[in-house]
Amino acid sequence: MVKEPVREFVETSSWARGLTPTQTERVLHDVSARAYSKGATVCVRLTPSHEWLGVVEGMLKVETITVTGNAVTFAGVPAGSWLGEGAVLKGEPRPYNVIAMRDSLVAFVPRSTFIWLLEESHPFALWLIQQLNARLGYYVALVQSYRLNDTTAQVAFCLAVLFNEELYPTPRRRLSISQEEIGRLSGLSRQIANQALRELHERGIIQVGYGSIEVVDLPALHRLAHGASER
DNA sequence: TCATTAAGCGTTG
DNA sequence: CAACGCTTAATGA
């Protein structure tokens, strides 16, 4: 059986709500956890996807390295969320590296358990469909944001996603993240990210702290992120 | 030409 | 010590 924080994390995860006690019991039996320090690699690209990952504490990011050695960050994954369903489902190697952005505790559910859940539990299957659908919607919106919006709106989009409850179910107002990482996540330089954050602050949408960002007006952030550049 | 970026460096929390 | 602000040279639309 696993340690307390991991047990609680699994039991309070949204997908666990629809499980029978027996099913939950098996997941708790099979799940493992490991701590990673900041900057450590959790999963290596092109290695087999044996596990489904949950972020118990801290924050992870998903990235690839280009041939020239530049990192392209695809997503930041704050505590409370699960990732890697796609690769586990397909039984294919990891398409990306997973890196710890801060000191993090990560839970691992074996692929066999994941597949078993999918076959045994109708609620779990439904949850998974909704999860994948949310991801799909996110990427469609991301392309739209990238093509239509100015840089400030792109940063707004990036933040709106990080604070989006459907994608990342643990609600929070403040997030510890550097401006450099915001830049990486939104595909912009540190300078532009900083400029955008200042503008968002001036509009009263966020508060910027040292190495952290707090959302003051989430609806406004959402509007800015999705609105077709109104002013 | 003008905007944006990476890199370096001094300052600060 | 990491995050931030600022400067500068390179890059590119």
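Here is the naming used below: chain letters follow the sequence lines, and residue numbers restart at 1 for every chain. The structure presented is a predicted model; accordingly, all values stated were derived computationally and were not measured.
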So, under a plain 3.5 Å distance rule, would you say the side chain of R190(A) forms a donor-acceptor pair with the base of dG5(C)? yes
Distance in angstrom units between [X] [atom1] and [N] [atom2], rounded:
X: I177(A); N: dA2(C); atom1: CD1; atom2: P; value: 17 Å
X: Q179(A); N: dA6(B); atom1: CD; atom2: P; value: 15 Å
X: L197(A); N: dA3(C); atom1: CG; atom2: P; value: 14 Å
X: R102(A); N: dA2(C); atom1: CZ; atom2: C1'; value: 14 Å
X: Q154(A); N: dT4(B); atom1: CD; atom2: P; value: 11 Å
X: H201(A); N: dC4(C); atom1: NE2; atom2: P; value: 14 Å
X: R184(A); N: dA2(C); atom1: CZ; atom2: C1'; value: 13 Å
X: D150(A); N: dT4(B); atom1: CG; atom2: C1'; value: 15 Å

Sugar-phosphate only, base, or nothing, as touched by [X] at under 4.0 Å among non-hydrogen atoms:
X: R198(A); result: sugar-phosphate
X: Q191(A); result: base
X: G187(A); result: nothing

Parallel, tilted or perpendicular: rings of W15(A) and W52(A) (30°, 60°): tilted
Side-chain N or O of N194(A) versus OP1/OP2 of dG5(C): is the shortest distance under 4.0 Å? yes
The reported gap from SG in C43(A) to CD in E51(A) (rounded to nearest 0.5 angstrom) is 7.5 Å
Are F124(A) and F114(A) close enough that their ring centers fall under 6.0 Å? yes
Going through the checks in order, is the salt bridge (charged side-chain N to carboxylate O under 4.0 Å, His left out) test met by R135(A) and E85(A)? CA-CA 11 Å; R135(A) 288 272 169 76; E85(A) 312 83 52; 2.9 Å; yes
Of all the choices, [options], which nucleotide is nearest to the side chain of [X] once you look at every atom?
X: I192(A); options: dT5(B), dG5(C), dA3(C); answer: dT5(B)
X: Y210(A); options: dA3(C), dT5(B), dG5(C); answer: dA3(C)
X: S189(A); options: dT4(B), dC4(C), dA6(B); answer: dA6(B)

Go through it in stages, so that I can follow the logic: the residues are E63(A) and N97(A), the test is side-chain hydrogen bond (donor to acceptor under 3.5 Å, both in side chains), and I'd like the CA-CA distance, side-chain angles, deciding distance and then a yes or no. CA-CA 5 Å; E63(A) 68 169 32; N97(A) 295 316; 4.8 Å; no
